[in-house]
Structures are given as structure tokens and as C-alpha cells.
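One-based numbering, in listed order, for ligands and for the atoms of each. All residue numbers in this chain count up from 1 along the given sequence.
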Amino acid sequence: RFQHHRLKERIAAELDEVRRRSHVLTLESLDESELVAQHSPLMSPLVWDLAHVGNYEEQWLVRASAGQQALRPDIDVLYDAFENARADRVHLPLLSPKEATAYNADVRQRVLDALDHADLGAGTSLLAGGFVYGMVIQHEHQHDETMLATHQLRKGEPVLPGIDATAAALPGAAPTAPEVLIEAGPFTMGTDDDPWAYDNERPAHTVDLPAYWIDTAAVNNADYLLFMADGGYDEPRWWSTAGWEWRTRSGKRAPAFWRHEAGQWLRRRFGRVEPVPPQEPVQHVSYYEAQAYATWAGKRLPTEAEWEKAARYDPTTGASHRFPWGTHEPTPHHANLGQRLLRPAPAGAFPAGASPHGVHQLIGDVWEWTATEFHGYPGFAVFPYPEYSEVFFNAGYQVLRGGSWATHPSATRSTFRNWDFPIRRQIFTGFRCARDAEPR
Ligand code: AVJ
Ligand code: FE
């Protein structure tokens, strides 16, 4: 009982925290005309995300869990992501920012009332261990990261608090070795017992990998500029067939949001134009650009299993942990998460977050492209609905791992799987390289 009391307090605090962040990204930073505008055909109007997270919360915590009637059955269809493509949402009769805020508050009040009486005991129900609350909290955090991508695509003056903070407070020594060897052998991938893990992270299963090398840091802007200076964008031999097709069709020759001016590379970050910082991990590159860089460097992208082994396997005990550093919840010493800095940090800034093998910053900073297409693990079972994961399996999505500086600590871990199309660049994604230990 005491345990559940603590869990409920944590759930209520996390619900409150995520809503505050959603409000910073909407009501507190932009006026109504910008909230209802389409900043990019890739993204929803921000006011859609705002009411969508409330509608999702209502469906799962008010209706499915507490068994109550729908507050606004008429709006479900507007906020169903499968009914309306992102580019079309601006044309729907959406709730205004004021209406969305009132609706969300109404939902939240019912959720907090129901939480008081909820039985979070054992069993396989939605409520067991607080799973469905974790699902809803993580969902809103994921939309907060999506809303931040909308802010990045938005034209205009900076509006986000913290945009002028520098990364200078994060020195940290660069990792001593550029890459480490992960010995051949089995490890436990995925999880059976992580209380907030999504269905796609389950079940735990043994994967036996040959030995491989993996970089201790993500590829940084200085590295990436060498690839560009070496004509990387003009050499089909570095690119996959699909990648070269994308490169020629799109005409892209640099990461998104970069521009070359008066002999130097600048980037636009949330409306602020600044020189590209050489030591920061490169971000806003497509899977195809990541692949081409890796090939040019004589390496390749890690598979998803290689990434996860590097991020959680402890060779001295044989155990797989929730985080590279072990089981401790992420703190600001472990990783660059949670939109504290609005940018990735240089290599070595989080020595306390390194893995037992000495691989740095696997969690936080930038999502990392892997060489694996999103799929279900052996023994996968839908829980609680197929539209979260299953409908995206084997459908041309590439797995992303680790979380970015924009990801909240409760919405990532070493088993967490994200996915997107290989051409996408608005997300906060970079990559690290790997290579075989034995010639194939
Ligand atoms: C896991 C980030 C790919 O945003 O499409 C949000 C998360 N699912 N609402 C997405 C999600 C339903 C999902 N990603
Ligand atoms: Fe959603």
C-alpha cells in the first residue's frame, strides 16, 4: 500500500511536469496565430498536439482505465493520428488554444480523481505497476519532442527560454579511445519486467553477436565537415542505392538547417543563427547521410542489437542494465536529456554516464540511427494497442536509439526503440559508427 502511495505521488508529479512543458512549448511561447499555423507540412499545428495529448489521456486514463464516459466523443476523430495526415490537420475544425487548454484541464481533473482510487496492484491489466499512466506520460513527452521539432522548423525570431545558454559549462574530457571492442558472445536484449516498457521492447531474448568495434562518441560536426570537404556528397560510391537516389532527388548537400555564408558554416537553431560548433555531435542528418559518412570513414552503422549491447551489457557480471551506467535514474550528471540544454553536448561531457566498456553518451544528446529496420522481437505481443508499434513493423522505418537532449528521462532507456523514415532530418538525430572485428 505504501509502495502504491509513492507510485501514485510519482505519477501525479510526472503528469504535472509534462503538462508544464507542453505549455512552455505552446501557450507560453507563441501567440494564437502561430499555434494554429502550419509551420511545415511534416508537422501538425502545435494546437493539434496540445489537444491530442489530452484526448489520448482521456481515452486511456478516463475511459479505458476508469471506465467513464467520453467527455467529447465528437472530437476523437480530429485527434486520431491515423485518420488525419499531419499535413492536413491545419484544415480540421480543431479546438482553439483556449478550448484545448480547458478540455485538457477537465480531463486532468478526472484523471487525478480516478488515480486516488485506482488499484495499481499486480496482474496483467493496464493499471498493473502503473503501466497505463507511464504510457500516457511518455506519450506526452514524445509529443513535446515532436513539438520542439516543429519549433525548429518554424521561421522567425527565437522564442524558447534557454536558447541563449551556451554549452561551455560542459567541459569533460574526450573519451580516451575513439572506439572499443565488444567481445563476441550473448547478451539479453529487450525486457520482460521494466514496468514502463512499451510492447516493442518486449520480450527479453538472448542475442549472440560476433565481436565488433563501436565508437565511444557520436560523429561530431568537425568529423562531418571533413566528409563534406572530401566531396562526400558528390561520390556515389559512399552511398547506398536508395541513399544516392535520395541525395540526387533532394539536392541536399549539408545537414538540415545549415547554410554556408562568408566562408563559414552556420546553423539555425530555434531561430538563432550561430556558427556550427565543431565539437558537438552532428544532428539533423538522414539515415542515408549517416550511412554514407560511415562508409566513407571505412566503417558502418551499428545494428540495433550492437547498439543495445554496448548500452547495457556489463561484461564482468553478464547482466543487462536499464542504462549504460547501471540502474540509477538519469540525473543531469549522467546524460543530456529533458530539454535542459537546447542542443547536444560535446563528447566526454558526461563521464558518469559511460557504459562499462567506456562508450559515452549512448543515452541523450542525439538519437542514433541504427542499421536495423523496425520490427517485432521474437515472441512480440501487442499491448495494449496495435497502432503504437505493430502497424509500423517492417514498413520501411529505421530504428533510432538512445534519446536526444530533447527526450525526457522517463521516455528513454537502453531498451527504448524509436523509429522514423530514412529520409527524415527534422528530428534530433545523429549517429555513431561501428565495424566488424573480423573480416567477413
Ligand atoms: C515513437 C516517436 C515514432 O511520434 O510517431 C506519439 C510516438 N505514438 N503518438 C510518433 C507516438 C503515438 C511515435 N514515435
Ligand atoms: Fe500521439
Side-chain angles (χ1 to χ4, degrees), residues 18-19 21-22 25-26 40 42-61 64 75-89 92 94-95 100 104 107 131-132 134-153 196-202 286-287 304 337 339 366-370 372-376 380 382-408 410-413 415-429:
V18 69
R19 185 56 47 79
R21 189 65 198 167
S22 299
L25 297 170
T26 54
S40 159
L42 292 176
M43 311 307 283
S44 318
L46 290 162
V47 75
W48 185 91
D49 289 275
L50 185 62
H52 167 78
V53 296
N55 183 247
Y56 189 88
E57 180 170 324
E58 191 207 332
Q59 294 197 35
W60 287 103
L61 301 185
I75 65 170
D76 283 0
V77 64
L78 302 176
Y79 298 103
D80 182 332
F82 292 88
E83 287 291 330
N84 312 288
R86 282 184 177 179
D88 301 334
R89 293 173 189 168
L92 298 171
L94 301 174
L95 300 186
N104 283 1
V107 171
F131 171 82
V132 73
M135 185 178 91
V136 167
I137 290 163
Q138 291 180 82
H139 177 257
E140 187 160 344
H141 281 305
Q142 292 191 37
H143 275 274
D144 283 357
E145 183 161 352
T146 300
M147 289 195 269
L148 211 42
T150 308
H151 271 264
Q152 174 60 19
L153 286 160
W196 287 15
Y198 281 104
D199 57 359
N200 67 56
E201 297 165 70
R202 303 164 188 266
S286 69
Y287 173 67
E304 177 181 19
L337 289 166
Q339 309 184 5
V366 284
W367 288 103
E368 298 180 21
W369 287 114
T370 73
T372 304
E373 186 180 354
F374 190 49
H375 65 283
F380 169 82
V382 169
F383 186 76
Y385 69 115
E387 292 82 10
Y388 183 79
S389 310
E390 194 189 37
V391 299
F392 298 101
F393 289 162
N394 310 308
Y397 295 89
Q398 220 55 38
V399 173
L400 296 154
R401 288 302 206 105
S404 75
W405 56 264
T407 309
H408 192 269
S410 49
T412 196
R413 48 205 160 257
T415 57
F416 190 96
R417 307 171 77 200
N418 193 2
W419 62 91
D420 214 329
F421 286 125
I423 62 171
R424 289 291 179 246
R425 310 205 302 169
Q426 84 279 8
I427 49 179
F428 306 105
T429 299

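- Nearest protein heavy-atom neighbour of atom 5 (O) of ligand 1: R86 NH2, 4.7 Å.
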Verify side chain to side chain contact (heavy atoms under 4.5 Å, CB included) between R424 and L42, making sure each step is shown before the conclusion.
CA-CA 9 Å; R424 289 291 179 246; L42 292 176; 3.5 Å; yes
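- In the model, S404 has a side-chain atom that pairs as donor or acceptor with a side-chain atom of E145 under 3.5 Å.
- The nearest heavy-atom contact from the protein to atom 3 (C) of ligand 1 is N418 OD1, 3.4 Å.
- Ranking protein heavy atoms by distance to atom 13 (C) of ligand 1, first place goes to Q142 OE1, 3.7 Å.
- Each of N84, V47, L50 was compared with L94 under the side chain to side chain contact (heavy atoms under 4.5 Å, CB included) criterion, and only V47 meets it.
- A donor atom on one side chain and an acceptor atom on the other are not found under 3.5 Å apart for E304 and T370.
- Looking at E145 against ligand 1, nothing comes within 4.0 Å, counting heavy atoms.
- Checked against a 3.5 angstrom limit, the closest N/O atoms of H139 and ligand 1 fall inside it.
- Contact annotation for H143 and ligand 1: only side-chain heavy atoms (C-beta onward) come within less than 4.0 Å of the ligand.
- Looking at E140, R89, E57, H139 one by one, the single match for side-chain hydrogen bond (donor to acceptor under 3.5 Å, both in side chains) with H52 turns out to be H139.
- Checked options L400, N200, T372; the residue passing with W419 is N200 (criterion: side chain to side chain contact (heavy atoms under 4.5 Å, CB included)).
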Let's go through F374 and F392 carefully: what are the C-alpha distance in whole Å and the side-chain angles of both, what is the deciding distance for ring pair (Phe, Tyr, Trp, His ring centres under 6.0 Å) to 0.1 Å, and is it a yes or a no?
CA-CA 7 Å; F374 190 49; F392 298 101; 7.4 Å; no
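- In this structure, atom 10 (C) of ligand 1 has no protein heavy-atom contact shorter than 4.0 Å.
- The protein heavy atom nearest to atom 8 (N) of ligand 1 is Y388 CE1, 3.6 Å.
- Angle NE2(H52) to the Fe ion (ligand 2) to NE2(H139), rounded to 10°: 90°.
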